[in-house]
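Report on one structure; see the data block that follows.
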Amino acid sequence: MASPAPDPHSGVRVPSADPAQIRAALPAVAVPVFDREWALTLEEAKTSMDLEEVFVLLAHWRHIAATEQQSPGAYARLQAKIEEITTTGVNSTAASPQEMQDLIARRLAG
């Protein structure tokens with residue numbers, strides 16, 4: 001089993017693609033979600049005999065684990081934001097379309 005390697009851009013120790021290492025790096029609230037998705041994906045892979053979705057799942061959760069290490073609580077904040085948007089239909093911290101267009105224009109201008 002390979003040890004986590006630091007991301008050269010952030011210094012964050014990114015877990016290897018090993019499911020146990022990814023799981024160990026997740027916040028407690030994310031572990032049951034990972035476990036459910038892992039079990040479902042493995043069952044689908046057994047039936048289809050295709051590991052592509054296993055690799056996709058591991059990449060997804062590896063990213064979440066690395067983000068959580070870089071910014072503890074990121075997963076909980078994301079879940080809270082999802083809940084806000086699905087409950088109210090509004091993202092209270094989103095920029096307006098005009099603000100986004102202005103930002104794009106400024107960045108393109110240099």
Side-chain angles (χ1 to χ4, degrees):
M1 184 179 332
S3 63
D7 179 323
H9 303 291
S10 67
V12 172
R13 297 203 62 81
V14 178
S16 74
D18 174 50
Q21 284 190 9
I22 293 170
R23 188 179 188 276
L26 292 172
V29 67
V31 170
V33 180
F34 173 82
D35 288 347
R36 277 192 306 276
E37 290 184 11
W38 176 246
L40 178 63
T41 302
L42 284 180
E43 285 303 315
E44 290 173 359
K46 284 181 197 176
T47 303
S48 68
M49 297 182 73
D50 182 358
L51 294 176
E52 181 63 26
E53 289 305 313
V54 172
F55 298 137
V56 169
L57 177 87
L58 292 174
H60 168 76
W61 282 100
R62 187 173 183 224
H63 173 75
I64 291 173
T67 301
E68 188 67 29
Q69 289 178 21
Q70 185 175 16
S71 179
Y75 183 80
R77 289 189 299 276
L78 175 63
Q79 296 306 306
K81 178 56 73 174
I82 292 168
E83 180 66 23
E84 172 194 356
I85 293 169
T86 57
T87 301
T88 67
V90 177
N91 181 351
S92 63
T93 59
S96 71
Q98 185 59 51
E99 289 171 321
M100 292 306 298
Q101 289 175 347
D102 292 346
L103 175 63
I104 292 167
R106 284 194 307 272
R107 288 185 178 175
L108 289 174

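This is a predicted model, so every value here is computed, not measured.
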Open item on the list: Tell me which pairs pass side-chain hydrogen bond (donor to acceptor under 3.5 Å, both in side chains) where either residue lies in residues 100-110, with sequence neighbours left out.
Closed with: Q98-D102
Open item on the list: Suppose clustering is done on Ile, Leu, Val, Met, Phe, Trp and Tyr with side-chain heavy atoms closer than 4.5 Å. Which residues sit in the same group as L108?
Closed with: I104
TODO: Please list all pairs passing the side-chain hydrogen bond (donor to acceptor under 3.5 Å, both in side chains) test where one or both residues lie in residues 48-60, with sequence neighbours left out.
DONE: none
TODO: Please go through V29's hydrophobic cluster and name the other residues, only I, L, V, M, F, W, Y counting, with side-chain heavy atoms under 4.5 Å joining them.
DONE: I22, L26, V31, V33, F34, W38, L42, L51, V54, F55, L57, L58, W61, I64, Y75
Open item on the list: Tell me whether R62 contacts the main-chain N or O of D18 through its side chain, where contact means a donor paired with an acceptor under 3.5 Å.
Closed with: no
Task: Under the side chain to side chain contact (heavy atoms under 4.5 Å, CB included) test, residues paired with T93 that sit two or more places apart - done: K81, N91
Task: Whichever hydrophobic residues join M100 through chains of side-chain contacts under 4.5 Å - done: L103
Task: Heavy-atom donor-acceptor pair, S71 side chain to E68 backbone, under 3.5 Å - done: no
Open item on the list: Is it true that T41 and E37 share a donor-acceptor pair across their side chains at a distance under 3.5 Å?
Closed with: no
Open item on the list: Please find the pair of heavy atoms, one from S92 and one from E84, that lie closest to each other, and give the distance.
Closed with: OG-OE2, 2.6 Å
